[in-house]
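Proteins get letters first, then strands, A, B, ... in listed order; numbering begins at 1 in each. As a basis for the values below, the full set of heavy atoms in this structure was taken, side chains included, without hydrogen atoms, waters or symmetry mates.
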Amino acid sequence: MAGAAGEYKFLRSRHIKYLKRCLQVLPYSTVTFDTSRVTVLYFALSGLDLLEGLELEEEERQQIINWIYTLQILPTEDKEQLACAGFRGGTSLDSCRDVDGCADDVSLFDCGHITMTYTALASLLILGDDLSLVDRKAVLAHVAALQCPDGSFFSTRGGSENDMRFMYCAAAICYILQDFSAININSAVQYVLNSMSYEGAMGQGQYLEAHGGSNYCAVATLHLLGHLHTALSNSQRQRIVRWLVWRQSEGGLQGRPNKPPDTCYTFWVGAALQLLGGLEMVDVEALRQFVLSTQDPITGGLAKYPRSRPDGLHTYLGMAGLALLTRDSLRPIDPALNISQRALHHLHSLHRLHDASSTNGTASTQAHIK
Amino acid sequence: MREAQIQLRVMCSNDDEYVSEEDVWVLYKDREEWADVTPLTQDDGPNAVVKIAYTDAFTDVYDYFRAVVASGEMSERALELTEDAINMNAANYTVWQYRRKILKHLGSDLKKELAFCREMIEMNPKNYQVWHHRRVIVDWLKDASKELRLTEMIFSQDAKNYHAWEYRQWVLRTFKLFDGELDYVDRLLEEDVRNNSAWNQRHFTITQTTGFTPDVIQREVHYVKKAIEKVVNNESPWSYLRGVVQHCDGRMGSVGDLENWCRQMYEGGQRSPYLLTFIIDLMEDKMEHEPDLRPSVLKHCLQICICLATEHDQIRQEYWRYIGRNLSHRFGA
């Protein structure tokens with residue numbers, strides 16, 4: 001709400017309440033998220049983490065972890081089955097395969113989805129889980145099976161579009177599991193380069209209009225693969241930075257030229273700028289005021305535009321964007337994995353344990369990450 | 001298709017006056033023709049989170065859909081069931097996938113499927129699944145005769161719909177339908193010269209047809225100059241101009257006399273940040289190629305950066321200060 005000086009205040013406690021409600025039950029109007037509930041869970045958990053509002057009882061924390069693991073598809077050794085592994089987004093179809101005498105190809109209709117796998121792993125990290133129950137081999141086989149000849153990724157084995165979004169998810173999963181063998185890195189990098197439009201930034205694929213979301217996925221993928229500074233020349237990076245700073249319009253950030261500013265690009269554009277070292281080049285306070293103007297003063301939560309209805313995605317991405325700006329005592333965020341730095345440190349400690357176990361080869365430490 | 005399942009109940013307050021008429025949804029569990037199928041309930045475990053408050057009708061449809069997937073039933077009634085499931089949640093990619101399996105198995109009329117898909121696209125124009133389904137069906141049919149018209153109808157409501165542009169590009173490339181594309185882009189730009197998607201489509205179309213030959217570059221520079229003269233403060237054509245110029249081998253300023261054209265606008269008092277940025281780019285190009293001119297050109301360039309930072313583009317003042325420092329570092333003594 002606007003304060004005395006006409007400035008908006010950050011409504012922390014209302015946002016905590018809003019996200020806690022998302023964690024429990026969502027209204028029927030959100031039924032299109034039925035197959036991506038774990039992504040909504042990730043928005044709520046990561047948002048609460050940034051707000052320092054994720055104080056769960058141990059039992060509750062464990063229950064959420066258990067629910068996430070029920071979304072994991074544990075395949076047989078069959079190669080085609082491995083490709084269908086990963087995490088599902090919800091439980092809407094997982095009972096089909098348990099029926100006696102069910103159809104042979106039923107597992108094709110209950111496959112893992114690459115975005116859900118990424119958001120499930122991110123949620124587990126936020127909750128402090130050690131990923132010991134993640135079937136690494138199966139998750140990586142699932143990622144490998146989804147890469148297309150042009151370098152991009154499908155989302156699921158059952159058939160989907162292929163683009164930059166899913167490439168980012170693949171890179172994030174491989175980074176979390178510290179194993180990039182599932183990705184053909186050369187063709188992935190080539191896909192990113194082919195997607196650079198004449199405007200100077202990346203679109204969803206070759207010849208497509210540059211887009212704030214796709215461009216984030218492209219830049220973050222290169223960063224996670226360790227190729228941001230080798231795949232792109234200095235002048236290419238400068239052109240992306242210019243395209244990104246041009247996105248600031250009426251205070252907020254837009255996804256494409258001549259479109260209205262939208263809360264979610266606070267993160268997509270802001271994080272890409274941060275990865276390229278240019279976040280301070282936008283007017284941070286004007287951006288912050290725009291994001292705060294999209295808060296709902298009654299229910300909490302943030303909306304796409306001012307005076308609109310809030311939703312989980314815009315609430316989280318608006319808040320993640322504010323966390324980049326470090327003005328509202330939110331926990332610092334990692335722009336590449338889109339989790340708090342606290343959660344990232346936890347991941348890095350798991351990586352160290354894993355490295356130690358690889359060196360020692362002792363059974364006890366091996367158990368930490370299968 | 002639905003008529004058989006929808007019973008019209010006419011409620012009368014008295015013998016000769018209708019007060020209301022409503023469609024009554026009959027749950028699948030109450031439908032005789034589904035009596036042979038045992039519904040399969042969803043198992044969300046004891047401690048589910050982010051639960052969705054399903055309606056009874058939704059739960060019922062999906063209980064039957066699960067049962068059908070489990071048994072592998074591929075029938076006309078299963079096809080109709082997927083239609084109900086999609087109507088309730090068009091983002092459920094598995095339902096679409098199962099629907100395609102049935103269509104293939106039954107050898108269904110795919111023209112009818114296109115009509116259904118069109119309806120779904122109209123209702124959910126920003127849903128990934130509907131556009132993907134369309135693409136698969138059109139690929140099966142090898143007939144794209146309705147596709148350009150479909151995207152045009154979507155653009156008449158939202159000329160920047162990214163899904164529809166992506167789909168249209170796929171159609172144009174796969175079926176080689178570029179003949180009228182540049183005229184269509186012209187029309188869109190006449191309607192809205194700020195439509196960045198249309199500018200991108202212009203670039204795409206030329207790339208896929210004539211390519212940026214010297215003649216085409218001259219023509220495009222002329223075209224984009226006219227568009228800028230109409231509305232100067234418009235990022236899209238400036239960005240397009242830069243894109244076109246990139247295709248030349250020679251120097252930026254020599255193409256279509258851009259340097260003079262910019263100078264005239266500047267001397268006429270025009271201070272749009274896009275013009276000023278383009279002038280900086282021209283000067284950068286000049287400093288790159290003519291070291292002798294660096295001191296004077298750099299001075300002018302830095303002045304423009306200061307004007308942008310303090311007056312014409314204050315929101316990006318940190319950026320312009322950075323650019324100024326960068327240019328000084330590269331081209332200063």
Side-chain angles (χ1 to χ4, degrees), chain A residues 22-28 30-37 40-41 44 63-64 66-67 70 91-97 99 102-106 108-110 155-156 158-161 197-200 204-205 207-209 211 242 245-246 248 251 256-259 278 280-283 286, chain B residues 40-55 58 62 66 69-72 88-94 97-98 100 127-128 131-132 135-136 160 162 165-166 169 194-197 200 203-204 207-208 234-236 239-240 242-244 246 277 314-319 322:
Chain A
C22 289
L23 213 49
Q24 285 151 9
V25 185
L26 300 164
Y28 183 67
T30 63
V31 78
T32 52
F33 290 106
D34 195 35
T35 53
S36 49
R37 282 164 59 201
V40 181
L41 173 68
Q63 282 171 352
I64 301 177
N66 293 346
W67 186 76
T70 65
T91 55
S92 72
L93 283 162
D94 74 334
S95 33
C96 302
R97 61 167 81 212
V99 175
C102 68
D104 292 341
D105 64 348
V106 75
L108 247 191
F109 300 96
D110 182 33
S155 65
T156 175
S160 78
E161 63 281 6
S197 106
Y198 68 87
E199 302 164 84
Q204 201 66 266
Y207 307 123
L208 292 166
E209 189 183 2
H211 184 284
R242 182 191 279 180
V245 297
W246 278 119
Q248 189 162 28
R256 291 180 268 163
N258 292 322
K259 296 269 286 178
E280 72 285 356
M281 292 182 203
V282 298
D283 184 332
Chain B
L40 189 55
T41 53
Q42 179 171 354
D43 179 7
D44 213 4
N47 303 303
V49 281
V50 285
K51 284 180 276 201
I52 293 172
Y54 301 134
T55 59
F58 182 91
Y62 277 87
R66 276 183 282 275
V69 172
S71 69
M88 287 174 170
N89 177 13
N92 190 321
Y93 51 89
T94 309
Q97 185 192 338
Y98 198 76
R100 286 191 287 274
N127 163 303
Y128 284 97
W131 289 104
H132 177 66
R135 184 162 156 169
V136 174
K160 300 172 183 175
Y162 205 89
W165 280 114
E166 189 170 1
Q169 290 196 352
R194 296 178 194 269
N195 182 346
N196 197 63
S197 305
N200 183 70
H203 194 273
F204 163 73
T207 307
Q208 297 293 305
N234 176 10
E235 180 179 351
S236 301
S239 183
Y240 183 77
R242 204 172 272 107
V244 171
Q246 270 169 14
T277 307
Q314 287 179 35
I315 200 163
R316 274 168 280 277
Q317 53 177 297
E318 295 303 329
Y319 177 70
Y322 162 78

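Top candidate by heavy-atom pairs under 4.5 Å with chain A, chosen from Trp131(B), Trp165(B), Tyr62(B), Tyr322(B), is Tyr322(B). Comparing Asp105(A), Asp34(A), Thr30(A), Asp94(A) by heavy-atom pairs within less than 4.5 Å of chain B, the highest count is held by Asp34(A). By number of non-hydrogen pairs under 4.5 angstrom with chain B, the leading residue of Gln204(A), His211(A), Arg242(A), Gln24(A) is Arg242(A). Put simply, of Asp283(A), Thr35(A), Thr156(A), Leu208(A), the one with the most heavy-atom pairs under 4.5 Å next to chain B is Leu208(A). Ranked by non-hydrogen atom pairs under 4.5 Å with chain B, the options Thr70(A), Val106(A), Val245(A) are led by Val245(A). Across Gly45(B), Pro46(B), Ala48(B), the residue that shares the most heavy-atom pairs under 4.5 angstrom with chain A is Ala48(B). Considering only heavy-atom pairs separated by less than 4.5 Å from chain B, the leading option among Gly200(A), Ser92(A), Cys22(A) is Ser92(A). Contacts with chain A were tallied for Glu318(B), Arg100(B), His203(B); His203(B) has the most, counting heavy-atom pairs under 4.5 Å. Counting heavy-atom pairs closer than 4.5 Å to chain A, the top-ranked of the candidates Asn195(B), Val69(B), Asn89(B), Val136(B) is Asn89(B).
Residues Asn200(B) and Glu199(A) meet the side-chain proximity criterion, which asks for heavy atoms closer than 4.5 Å. Looking at Thr94(B) and Phe109(A), their side chains come closer than 4.5 Å, going by heavy atoms from C-beta outward.
In this structure, CE on Met281(A) lies 13.0 Å from CZ on Arg316(B), to the nearest 0.5 angstrom. Within the model, atoms CD of Glu161(A) and CZ of Arg135(B) stand 9.0 Å from one another, a figure rounded to the nearest 0.5 Å. For the atom pair OG of Ser36(A) and CG of Asn92(B), the computed distance is 9.5 Å after rounding to the nearest 0.5 Å. Rounded to the nearest 0.5 angstrom, Lys259(A) NZ and Ser197(B) OG are separated by 7.0 Å.
Put simply, the residue from Gln169(B), Gln208(B), Glu166(B) that forms a side-chain hydrogen bond (donor to acceptor under 3.5 Å, both in side chains) with Tyr207(A) is Gln208(B).
At a 4.5 Å heavy-atom cutoff, the contact between Gln248(A) and chain B is made by backbone and side-chain atoms alike. For Ser71(B), the part lying near chain A is the backbone, with the side chain staying farther off; criterion is any non-hydrogen pair under 4.5 Å. Heavy atoms closer than 4.5 Å to chain A are found in both the backbone and the side chain of Tyr54(B). Residue contact with chain B, scored on non-hydrogen atoms closer than 4.5 Å, involves the backbone of Val282(A) exclusively. For Arg194(B), the parts sitting under 4.5 Å from any heavy atom of chain A are the backbone and the side chain alike. Within the 4.5 angstrom heavy-atom criterion, atoms from both the backbone and the side chain of Tyr128(B) approach chain A. Of the two parts of Pro27(A), only the backbone, made up of N, CA, C and O, holds a non-hydrogen atom closer than 4.5 Å to a non-hydrogen atom of chain B. Contact annotation for Asn127(B): neither backbone nor side-chain heavy atoms come within less than 4.5 Å of a heavy atom of chain A. Contacts between Gln42(B) and chain A at a heavy-atom distance below 4.5 Å involve backbone atoms as well as side-chain atoms. Heavy atoms of Asn66(A) lying under 4.5 Å from chain B are absent altogether.
Nearest approach of Gln97(B) to Gly158(A), heavy atoms of both residues: NE2-CA, 3.2 Å. Scanning both residues, Ala91(B) and Thr32(A), for their nearest heavy atoms gives CB-O, 3.6 Å. Heavy-atom minimum distance, Ala70(B) versus Cys96(A): CB-O, 3.6 Å. Smallest separation of non-hydrogen atoms from Gly251(A) and Ile315(B): N-CD1, 3.9 Å. Contact between Ile64(A) and Val49(B) at its shortest, heavy atoms only, is CG1-CG1, 3.9 Å.
In terms of modelled atom types and a separation under 3.5 Å, the side chain of Tyr162(B) and the main chain of Glu209(A) share a donor-acceptor contact. Judged by distance alone, the side chain of Arg37(A) and the main-chain N or O of Ile52(B) form no donor-acceptor pair under 3.5 Å. The backbone N or O of Lys160(B) sits less than 3.5 Å from a side-chain atom of Arg256(A), completing a donor-acceptor pair.
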Could you go through Val244(B) and Tyr198(A), starting from their C-alpha distance and side-chain angles, then the distance that decides it, and tell me whether this counts as side chain to side chain contact (heavy atoms under 4.5 Å, CB included)? CA-CA 8 Å; Val244(B) 171; Tyr198(A) 68 87; over 6 Å; no
Show the numbers, then the answer: is there a side-chain hydrogen bond (donor to acceptor under 3.5 Å, both in side chains) between Asp44(B) and Thr91(A)? CA-CA 6 Å; Asp44(B) 213 4; Thr91(A) 55; 2.8 Å; yes
Give the intermediate values and the outcome of side chain to side chain contact (heavy atoms under 4.5 Å, CB included) for residues Val50(B) and Phe33(A). CA-CA 10 Å; Val50(B) 285; Phe33(A) 290 106; over 6 Å; no
Might you work through the side chain to side chain contact (heavy atoms under 4.5 Å, CB included) test for Leu93(A) and Arg66(B), ending with a clear yes or no? CA-CA 6 Å; Leu93(A) 283 162; Arg66(B) 276 183 282 275; 4.0 Å; yes
